[in-house]
Each structure stands twice: as structure tokens, then as C-alpha cells.
Amino acid sequence: MIAVNGSYHCVVEYLDAHLGGSQIKDIVPGDPEASPATPTYLVFCDGHTLPILCPDCGAAHTMGMEPDEFLEDVAGLYLIGFSYLPPEEDEPEGIELILSQDPDLDPNDANDDNSDSLFVHLSSIQQLTCPHGGEEDLTG
Ligand SMILES: [Zn+2]
Ligand SMILES: [Zn+2]
């Protein structure tokens, strides 16, 4: 469960309501040198954005590669699924985003050949932005 704007949601249902099946259109590169650092955002075709925060500490320093390279890797991919990763000994809880070029791929059939994984901090989910003001039906 995560708290968003004072109400609690199941994190996977929340993500699915906003971003399930969405296609990545663009990224907004962050600035890790800024103070505070700004995260890189994924921009989806339907207007949602999702900041990529370090899965370990929630800070905005996760970009391991050049923005151009990262954009090339993720642009056009569909967000076909998510997994909640419970906390482990030395790692906090987090979210795995499952990305694929095939919007109809069953996330259960996802593997290294047909999809990519991106790990983000739970805070990323709380900071997603919604073009509908968060009005999606989160109950269904
Ligand atoms: Zn939304
Ligand atoms: Zn970190």
C-alpha cells in the first residue's frame, strides 16, 4: 500500500490504473548536479510522467547512462506490467517496471529477449503525474 494525496492505494493497482499498457514517448533528463537533484522522467503518450528514483535510496541519481542512450533504449516501449518487490535484508522495497515493444506480451512470459526491466523506488510511484488530475477509476 502507498499513500497518495492522503488516501491509500494498492501500489500495483494504482500503477495499473494510471500507466498500465501505456507507451513511452519521451524522457525528460534529470540533473543530478542540481541541488536538490532532479530525477529523469519517463513521459508516456497519454501525458502521464513518472520520475525514476534510485531503488536503493529514493534519490534522483539513478541515471547510469547518457540521456540520449537511455531515450533510445526506452522510447516506444510499452509498460506491460509491474511487480512489487518486498524489502530484503539490505534492500528496501521497490517496484520493477516491465517494458516491452509488444503491447500484448503477457508479463508472465517476459524474459531478457522480449522485454526490459527498470527498477525504481516506491517514491517514484507516489510522484507520478496524471494528466487527468488523478481521476482514473482506481476501484475497478
Ligand atoms: Zn492517471
Ligand atoms: Zn541511491
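Remember, it's 1-based here, ligands and their atoms both numbered in the order they're listed. Numbers here are sequence positions counted from 1.
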Which N, O or S atom name in H18 marks its closest approach to the Zn ion (ligand 1)?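 Closest to the Zn ion (ligand 1) among those atoms: ND1.
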Do you know the tightest heavy-atom contact between F44 and S22?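 Smallest heavy-atom distance, with atoms named: CD2-CB, 3.5 Å.
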Give, rounded to 10 degrees, the angle between NE2 (H48) and SG (C130) as seen from the Zn ion (ligand 1).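 It rounds to 110°.
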Nearest 0.5 angstrom please: H18 NE2 to T129 OG1, how far?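 Here the rounded value is 10.0 Å.
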Please determine if the Zn ion (ligand 1) has an N/O/S atom from H132 lying under 2.8 Å away.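 No, H132 does not qualify, because none of its backbone or side-chain N, O or S atoms lies under 2.8 Å.
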Kindly report the SG-the Zn ion (ligand 2)-NE2 angle for C54 and H61 respectively, rounded to 10°.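 That angle is 110°.
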Heavy-atom count check: over 12 atoms from other residues, nucleotides or ligands less than 6.0 Å from D112 CG?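 Not buried by this count: 12 neighbours or fewer within 6.0 Å.
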Do we see a donor-acceptor contact under 3.5 Å between the side chains of Y78 and Q101?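 No, no side-chain donor-acceptor contact under 3.5 Å.
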